[in-house]
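Right, one structure below, let's go through it.
Residue numbers start at 1 and run along the sequence shown.
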Amino acid sequence: MKRVMMRVAYDGTDYCGWQLQPGAPTIEGVLNGALTELLGETITVTGASRTDSGVHSLGNVAVFDTETRIPAEKISYALNQRLPDDIVVQESGEVAPDFHPRHCDSRKTYEYRILNREFPLPTERRDSYFTYRTLDVDAMRTAARDIVGTHDFASFCSAHAQTETTVRTVYDCRVEKTGDLICIRVTGAGFLYNMVRIIAGTLLEIGCGARKPEAMKTIIEACDRSAAGPTAPAHGLTMIGIEFEKKPYI
């Protein structure tokens, strides 16, 4: 028996998120089915991040145990032949038998893309949120700086989320503009349910002038979901990847 880790990229548009759901297409379900067919044994993957319906990824991490004699680094090549075009394994390799992607120190990076122009672009519709309202990027940048640090992010957590603590550490939060595309990139040790999308929704309000940049500190201190902005739509969010403090591959 060996444990294999994969980095998986996917377009989440046509899936009901990562996690298995009865009667619904999910990333986890497709991976389980393709791996079971490939390896001839029942495979169940464990993901590092259970992305929501419509959310994308360039490098979510999953692990599974297998008896196969196929070299771990070759599984990605064989598996991609059995996956749909909107799910592609970027790499695979063997890790320690006790390695768990959710139980080790890591940094996760997410990016929220906003297309800010007069009219939408069809080629950007699947992974970017469109708004024609003029956004003050400098104001958004100023507010984003207050996100960085260790805070109680209860204001940025969906009310029905179940978690032991709402304290999280954000290492970086920046807003960058290239042409008509505005990207909110957030890196942290971990995130609450819908946290990045609520940060994005709050920054959108600041960019539109509905709130002042200095309001971000007050929102964080409130520890109240109603103090923050709306949850931005899922399709604008992409998990960029996960960096582990210790090299996971054997």
Side-chain angles (χ1 to χ4, degrees), residues 1-111 113 123-128 185 187 190-191 196 234-250:
M1 182 73 71
K2 62 186 174 186
R3 179 158 293 187
V4 177
M5 187 185 95
M6 307 183 298
R7 294 190 187 271
V8 188
Y10 48 86
D11 178 341
T13 304
D14 299 325
Y15 297 93
C16 297
W18 171 277
Q19 195 169 8
L20 281 174
Q21 296 184 44
T26 66
I27 305 298
E28 185 179 6
V30 172
L31 289 173
N32 287 348
L35 281 165
T36 296
E37 178 184 337
L38 170 65
L39 304 177
E41 54 186 312
T42 301
I43 299 294
T44 301
V45 301
T46 298
S49 180
R50 297 169 181 171
T51 51
D52 291 337
S53 177
V55 174
H56 319 291
S57 174
L58 298 182
N60 201 351
V61 169
V63 298
F64 64 91
D65 295 325
T66 176
E67 298 279 4
T68 186
R69 298 176 66 180
I70 300 174
E73 65 275 12
K74 298 296 184 182
I75 289 177
S76 55
Y77 296 93
L79 183 58
N80 282 335
Q81 301 302 312
R82 291 167 169 78
L83 291 173
D85 292 341
D86 52 7
I87 304 176
V88 181
V89 177
Q90 301 298 298
E91 65 177 23
S92 60
E94 187 173 355
V95 293
D98 61 347
F99 175 81
H100 194 296
R102 294 201 299 268
H103 299 159
C104 54
D105 293 334
S106 65
R107 293 186 175 214
K108 296 180 181 179
T109 298
Y110 285 87
E111 185 173 272
R113 292 162 50 94
T123 55
E124 302 284 352
R125 75 190 188 282
R126 294 172 74 94
D127 65 352
S128 301
R185 181 175 280 237
T187 299
F191 296 95
V196 178
H235 69 277
L237 184 63
T238 298
M239 172 187 237
I240 301 301
I242 304 173
E243 296 179 8
F244 296 101
E245 289 196 7
K246 296 182 179 179
K247 184 179 178 181
Y249 293 128
I250 293 176

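When every heavy atom of D86 is checked against every heavy atom of D14, the shortest pair comes out as OD2-OD2, 4.2 Å. Closest non-hydrogen pair, P101 versus G47, comes out as CG-C, 4.3 Å. Taking every heavy atom of both residues into account, W18 and A62 meet most closely at CH2-CB, 3.8 Å. A pairwise comparison of heavy atoms in I70 and K2 identifies O-NZ, 2.7 Å as the closest pair. Between G93 and A72, the shortest heavy-atom contact is C-CB, 3.6 Å. Residues C16 and A24 share a closest heavy-atom pair of SG-CB, 3.9 Å.
Here the side chains of V196 and K108 are not in contact, with every heavy-atom distance at 4.5 Å or above. Proximity of L79 to L35: side-chain heavy atoms (C-beta onward) are separated by under 4.5 Å at one or more points. The closest side-chain heavy-atom distance from V88 to L83 is not below 4.5 Å.
Rounding to the nearest 0.5 Å gives a distance of 10.5 Å between CZ of R7 and CD of Q90. To the nearest 0.5 Å, atoms CD1 (I75) and CE (M5) are separated by 12.5 Å. To the nearest 0.5 angstrom, M239 atom CE is 7.5 Å from T51 atom OG1. If you take CG on D11 and CD1 on I27, they are separated by 8.5 Å, rounding to the nearest 0.5 Å. In this structure, CZ on R102 lies 10.0 Å from CD1 on I242, to the nearest 0.5 angstrom. Rounded to the nearest 0.5 Å, atoms OG (S128) and CD (E111) are 9.0 Å apart.
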Between R185 and T109, is the side-chain contact (heavy atoms from CB on, under 4.5 Å) condition met? List the steps.
CA-CA 7 Å; R185 181 175 280 237; T109 298; 3.7 Å; yes
Could you walk me through whether Y15 and Y10 satisfy the ring-ring contact (aromatic ring centres under 6.0 Å, His included) test, starting with their C-alpha distance in whole Å, then the side-chain angles of each, then the deciding distance to 0.1 Å, before giving a yes or no?
CA-CA 10 Å; Y15 297 93; Y10 48 86; 7.6 Å; no
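A cation-pi arrangement is not found for K246 relative to F244, the charged atom failing to lie both closer than 6.0 Å to the ring centre and inside a 45° cone about the ring normal.
T68 and E41 share no side-chain donor-acceptor pair at under 3.5 Å.
The backbone N or O of L20 lies less than 3.5 Å from a partner atom in the side chain of E28, making a donor-acceptor pair. Under the 3.5 Å distance criterion, the side-chain polar atoms of R3 are matched with a main-chain donor or acceptor of F99. No donor-acceptor distance shorter than 3.5 angstrom exists from the side chain of S92 to the backbone of M6, with no hydrogens or angles considered. In terms of modelled atom types and a separation under 3.5 Å, the side chain of T36 and the main chain of I43 share a donor-acceptor contact. In this structure a side-chain-to-backbone donor-acceptor pair under 3.5 Å is missing from N60 to V8. Remark: the backbone N or O of G12 is paired with a side-chain donor or acceptor of H56 at under 3.5 angstrom. No donor-acceptor distance shorter than 3.5 angstrom exists from the side chain of H103 to the backbone of D98, with no hydrogens or angles considered.
Under 4.0 Å is where a charged nitrogen must lie from a carboxylate oxygen, and between E243 and R107 no such pair does. A salt bridge links E124 and R113; the closest N-O separation between the charged side-chain nitrogens and carboxylate oxygens is under 4.0 Å.
Between F64 and the options L39, L31, T44, a side-chain contact (heavy atoms from CB on, under 4.5 Å) holds for only L39.
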